[in-house]
Structure formats: C-alpha cells, structure tokens
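We use all heavy atoms of the structure for the numbers below, so side chains are in, but hydrogens, waters and symmetry mates are not. Note that the structure is a prediction, hence the values are computed from the model and not measured. Residue numbers start at 1 and run along the sequence shown.
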Amino acid sequence: MTRTRNTAQLQQLSTKQIQNAPEGDHTDGGGLLLRVRDASAGWVLRYTATSGRRREMGLGIARRDSAAQAGASVKLAREMAHGAREALQRGVDPIDERDMERAAAREVDQAKKVTAARERMTLARAARSYHELVKEPMLTPKHGAQWIASLEHHVPEALWHAPIDSITPPALLAALTGVRALADSTVKVPETLLRVRQRLDAVFEDAMFHGRCATNPAAAIKRKMQEANGSRKRGQFAALPYREAPAFMIALREQIGLAARCLELAALTAARTGEVIEATWSEFDLEAGVWTVPAERMKGREIHTVHLSARALEIVKTLPQVDAVFLFPTPAAGKNQPLSNMAMLTVLDRMGMRERTTVHGLCRATFSTWANETAAARPDVIEACLAHQEGNKIRAAYNRAQFAGERAALLDAWAEYLSKLPVSNVVQIARAA
C-alpha cells in the first residue's frame with residue numbers, strides 16, 4: 001500500500017532515509033517526493049500548474065546503493081525541483097517547458113544529422129545512386145556504362161567528390177567549360193559537355209527530390225552553355241539534302257568493308273547508329289524479310305520491327321556469319337564485339353563527306369525530309385518508321401498494329417529512290433584511293 005509522509009520542512013530526507021526508504025511516497029518538502037516501487041526508486045515533483053491542474057513531473061532515478069549516490073541523487077533532484085518552481089513563478093508549466101526544450105534539442109540533432117548526411121552525399125555518390133536505380137534499368141549495358149562514364153571523365157575530381165549541396169552554378173559552369181572559353185564567342189561548347197550537363201541536370205533533380213540538395217546548378221547553367229554555342233540548336237545534325245542522296249548511295253556501294261555495308265543498311269532502314277552496329281543475327285528473319293530490334297536496344301524502350309527492302313535484304317544475306325553474334329563485328333581478332341560507333345564516320349571521312357553530313361543526319365533526317373516533302377507516306381507512317389515515340393499510348397499501339405504494310409511500302413520506295421541517279425543531281429563524291 002502506498003504511504004505518504006507529510007512534512008512542511010524542505011530537504012527533510014537524509015541520505016540514510018533515502019537509502020532505507022520502504023515502498024511508498026516519501027516527501028522531501030516543497031512537493032518533491034521520493035517514490036519507491038518494488039526495486040526501483042525515482043524523484044517526482046508534485047505541483048499545481050498555472051491552469052489549476054495538479055501535475056507530477058518525473059525528475060529521474062533515485063540512486064540509493066551508497067550514501068554518496070543517495071546524497072548526489074537528492075542534491076540533483078532538489079536543484080531540478082527548484083528550477084521547476086522558478087518556472088511556475090514565471091507562469092510557465094515546467095513540464096511544458098521541458099517538452100519544448102526536448103523538441104528543440106531533437107530538431108537541432110536532426111539538423112546536424114541532415115547536414116552530416118549532405119556532406120557525405122557527394123555529387124559522385126548521388127550520380128552513381130541515380131544511375132544504378134534509374135538509368136541502368138532503362139539502358140542497355142553498353143549505354144548505361146557510357147552514361148556514368150561520361151560524368152566520371154568530364155567532371156573534375158574536386159567537384160565530382162564535393163558535397164552535392166555545396167555545388168554552385170558558377171563553379172559547375174567553370175568546371176565544365178571554363179569561364180574564359182565562354183567569354184570567347186569563337187569557342188563552341190563540345191556536344192559531349194552539353195550532354196554531360198543534361199545528365200547532371202537529371203542527377204541534381206533526383207537529389208532535390210530526395211532532399212540531398214536545395215538547388216539544381218546544372219539547370220541554372222543551361223542557358224549560358226547554349227549562348228556559348230550561338231544559334232546552334234540541340235538535336236540538329238548535319239544532313240545530306242535528299243536530292244543528293246542517290247548519288248551518295250551509288251558511291252557508297254562501291255566502298256568495301258563491313259563499315260560501308262553497315263552505313264548502307266542504316267540508311268536503307270532509317271536506323272539509329274546504335275541500333276544497326278549492335279544488330280545481332282538472332283534479330284533477323286531473312287525469310288520474312290524483317291528485322292526486329294528488341295525493346296532494350298531502342299531509345300523508346302519498345303520493340304521496333306523494320307521491313308527489309310530488296311537491297312537491305314541483299315546486304316544482310318551477303319554478310320559473312322562465321323559464328324559471329326553481330327552482323328557487323330569488330331575486325332579485332334578474338335573479340336566478339338560490334339563495330340565501333342566511329343566506323344561509319346570513318347567511311348564518311350574516306351568519301352570526303354564528313355563535313356557535309358553526320359551518320360544520324362544521313363540515315364534519319366535525310367529520309368524524313370524526303371518522305372515528308374515528297375508526301376511519300378502519311379506523317380504517322382513516317383514517324384513509325386523512325387521509331388519516334390507517340391505521346392498517346394493507345395494511339396501508339398494502334399499505329400504499330402496498322403502501319404506495318406504502309407511502313408514496308410515506304411521503305412521500299414526509299415530504297416528505290418536511292419537506287420536511281422537523276423542526271424541533274426549528280427554530285428562529286430570522293431572515291432577511296
């Protein structure tokens with residue numbers, strides 16, 4: 001049974017009484033109690049709040065194993081009780097005051113943890129985390145490796161390993177391009193660095209979403225990098241005028257080597273560079289005359305079926321297989337790898353055409369311009385041949401299902417156009433020595 005020993009005197013309990021106190025409440029005066037329950041003992045302050053409510057405030061464990069412990073324990077309890085009484089005199093409830101202090105302390109501690117976490121979260125760690133969780137599942141192994149490697153190779157070490165929350169737009173701009181280079185209107189920012197900025201933009205956006213940084217310096221420097229490149233627009237590739245394409249294709253046929261056949265097939269199928277150089281034999285149905293590019297190798301992450309015109313099918317059938325996985329394997333001995341993405345550029349260089357067109361421009365922009373300007377097919381069919389993503393998912397599914405015949409007819413018409421050489425459109429193209 002709980003017993004309370006009342007007294008009007010303060011600091012009544014001696015160390016011996018504290019040590020030997022039986023179960024119950026034992027007053028030390030002024031509302032301070034020694035509360036003993038079974039094998040435990042603690043200090044409690046009983047008081048009346050300014051609201052008139054009776055409350056009890058715990059002041060900690062009562063140590064009683066020795067006289068020294070008992071003395072130190074009651075001394076601390078009396079000091080805490082005195083502080084609580086002072087709070088009451090100020091019109092403040094000591095329990096409420098303590099709760100607010102604890103909450104403030106927790107906020108300070110949490111802020112320190114957040115700061116420490118931000119300092120540990122470098123740009124490198126944030127980029128690799130984003131790459132692992134977001135980009136790797138979306139890209140092919142080769143393109144995934146190129147994505148992160150472009151950042152590792154082009155972001156200076158000091159910035160790469162700096163806390164992501166500490167990176168400012170001026171620092172990032174200077175690191176990627178150099179302020180002096182931007183000040184010189186004749187200096188163009190390489191396409192690679194524009195792509196690096198775009199990838200860093202995605203990294204910083206992801207970091208902001210997860211509370212790892214408050215701003216996106218990669219987005220802030222976008223305009224400055226564009227201004228340095230003058231009027232050149234992102235996504236524009238030099239492309240051969242389609243009226244000159246037949247002459248070029250006639251000359252290309254005379255070029256020898258896998259890279260030349262790779263470029264010719266890419267032009268006939270309006271394919272992207274990566275799609276054609278990484279094409280494998282398993283993707284081709286020569287009887288049906290169809291090339292099926294798997295979703296993981298497509299930019300839009302959807303399967304793309306390509307009709308093979310008579311000339312395209314002829315190219316594939318004449319390629320040597322020799323147990324190769326890829327249609328266009330690298331000539332390096334003992335390596336079952338596809339051609340380098342520079343191989344087709346080398347062909348253009350050899351033909352003296354590299355200044356006039358890119359591979360992408362020749363194979364896709366030239367085809368698109370011809371198809372649209374000559375009304376060779378409906379716009380939707382042209383876009384389907386180019387494997388451009390349709391924003392409306394239902395419409396996209398319908399297009400893929402319905403356009404097979406029209407797409408085949410369009411690519412056959414393109415191959416036929418490329419095989420003819422109008423006299424008025426003859427252009428001079430360098431031949432291999």
Side-chain angles (χ1 to χ4, degrees), residues 140 142-143 235 237-242 244-281 283-284 286 289-294 297-300 303-320 324-331 337-351 353-354 356-371 382-388 407-408 410-419 429:
T140 64
K142 178 181 177 180
H143 292 155
F237 296 88
L240 193 68
Y242 73 83
E244 299 178 17
F248 173 83
M249 293 298 286
I250 294 296
L252 178 60
R253 277 196 179 196
E254 297 181 9
Q255 299 291 315
I256 61 173
L258 281 178
R261 300 291 73 75
C262 185
L263 179 57
E264 188 179 356
L265 181 63
L268 288 165
T269 56
R272 296 181 176 90
T273 299
E275 293 163 11
V276 70
I277 64 173
E278 295 179 9
T280 64
W281 285 104
E283 296 171 2
F284 286 79
L286 299 184
V290 171
W291 171 25
T292 304
V293 189
R297 292 210 308 106
M298 292 299 297
K299 183 178 181 181
I303 293 174
H304 182 50
T305 303
V306 183
H307 167 74
L308 298 175
S309 62
R311 174 55 186 164
L313 191 58
E314 180 185 353
I315 292 172
V316 177
K317 286 182 176 180
T318 56
L319 292 174
V325 174
F326 299 99
L327 264 71
F328 304 103
T330 178
Q337 298 292 330
L339 283 176
S340 163
N341 56 9
M342 293 297 294
M344 289 188 284
L345 280 175
T346 301
V347 174
L348 291 177
D349 206 14
R350 191 165 67 230
M351 296 175 69
M353 297 295 291
R354 190 164 177 178
R356 299 199 58 202
T357 184
T358 62
V359 173
H360 187 98
L362 170 68
C363 299
R364 295 175 64 77
T366 300
F367 163 77
S368 178
T369 303
W370 166 81
I382 299 169
E383 293 299 291
C385 276
L386 291 165
H388 284 162
R407 287 165 56 191
L410 177 59
L411 288 178
D412 280 338
W414 174 235
E416 182 180 358
Y417 173 76
L418 293 177
S419 68
I429 299 175

Step by step, work out the side chain to side chain contact (heavy atoms under 4.5 Å, CB included) result for Leu268 and Leu411. CA-CA 7 Å; Leu268 288 165; Leu411 288 178; over 6 Å; no
Taking it one step at a time, do Val290 and Val306 satisfy side chain to side chain contact (heavy atoms under 4.5 Å, CB included)? CA-CA 6 Å; Val290 171; Val306 183; over 6 Å; no
Side chain to side chain contact (heavy atoms under 4.5 Å, CB included) for Leu348 and Phe248? Distances and angles first, verdict last. CA-CA 10 Å; Leu348 291 177; Phe248 173 83; 3.6 Å; yes
Given Phe326 and Trp281, is the side chain to side chain contact (heavy atoms under 4.5 Å, CB included) satisfied, shown in steps? CA-CA 6 Å; Phe326 299 99; Trp281 285 104; over 6 Å; no
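Rounding to the nearest 0.5 angstrom, the gap separating the NE2 atom in His307 from the OG1 atom in Thr269 is 11.0 Å. Note that CG of Asp412 is 10.0 Å distant from CG of Leu308, once rounded to the nearest 0.5 Å. Here the CZ atom belonging to Arg350 is positioned 9.0 Å from the CG atom belonging to Leu252, to the nearest 0.5 angstrom. Within the model, atoms CZ of Phe328 and CG of Leu263 stand 9.5 Å from one another, a figure rounded to the nearest 0.5 Å. Considering CD of Glu383 and OG of Ser368, their distance stands at 6.0 Å, rounded to 0.5 Å. Rounding to the nearest 0.5 Å places CZ of Arg364 at 11.0 Å from OG1 of Thr358.
The heavy-atom pair separating Thr366 from Pro241 by the smallest distance is CG2-C, 4.4 Å. Minimum interatomic distance between Ala415 and Ser309 (heavy atoms only, all atoms of both residues): CB-OG, 3.4 Å. Taking all atoms of both residues into account, the shortest heavy-atom contact from Ala260 to Val347 is N-CG2, 3.8 Å. Minimum interatomic distance between Ala270 and Leu386 (heavy atoms only, all atoms of both residues): CB-CD2, 4.1 Å. When all heavy atoms of Leu410 and Cys385 are compared, the pair lying nearest together is CD2-SG, 3.8 Å.
The residues Glu283 and Arg297 are annotated as salt-bridged, a charged nitrogen and a carboxylate oxygen being separated by less than 4.0 angstrom. We find that Glu278 and Lys142 are joined by a salt bridge, their nearest charged nitrogen and carboxylate oxygen being less than 4.0 Å apart. Note on Arg261 versus Glu264: salt bridge recorded, some NZ/NE/NH1/NH2 to OD/OE distance being below 4.0 Å.
Under the 3.5 Å distance criterion, the side-chain polar atoms of Glu254 are left unmatched by any main-chain donor or acceptor of Ala251. Under a 3.5 Å cut-off, the side chain of Tyr242 and the backbone N or O of Ala365 do not form any donor-acceptor pair.
Between Thr292 and His304 the shortest side-chain heavy-atom distance does not fall below 4.5 Å. Side-chain contact between Leu286 and Lys317 is present, with heavy atoms from C-beta onward closer than 4.5 Å. Counting heavy atoms from C-beta on, the side chains of Thr280 and Leu327 never come closer than 4.5 Å. Contact check for Cys262 versus Ile277: side-chain heavy atoms found under the 4.5 Å cut-off. Side-chain contact between Arg311 and Leu418 is absent, with no heavy atoms from C-beta onward closer than 4.5 Å. The closest side-chain heavy-atom distance from Phe284 to Leu319 is not below 4.5 Å.
Below 30°, between 30° and 60°, or above 60°: for Phe367 and Trp370 the angle between ring planes is between 30° and 60°, a tilted geometry.
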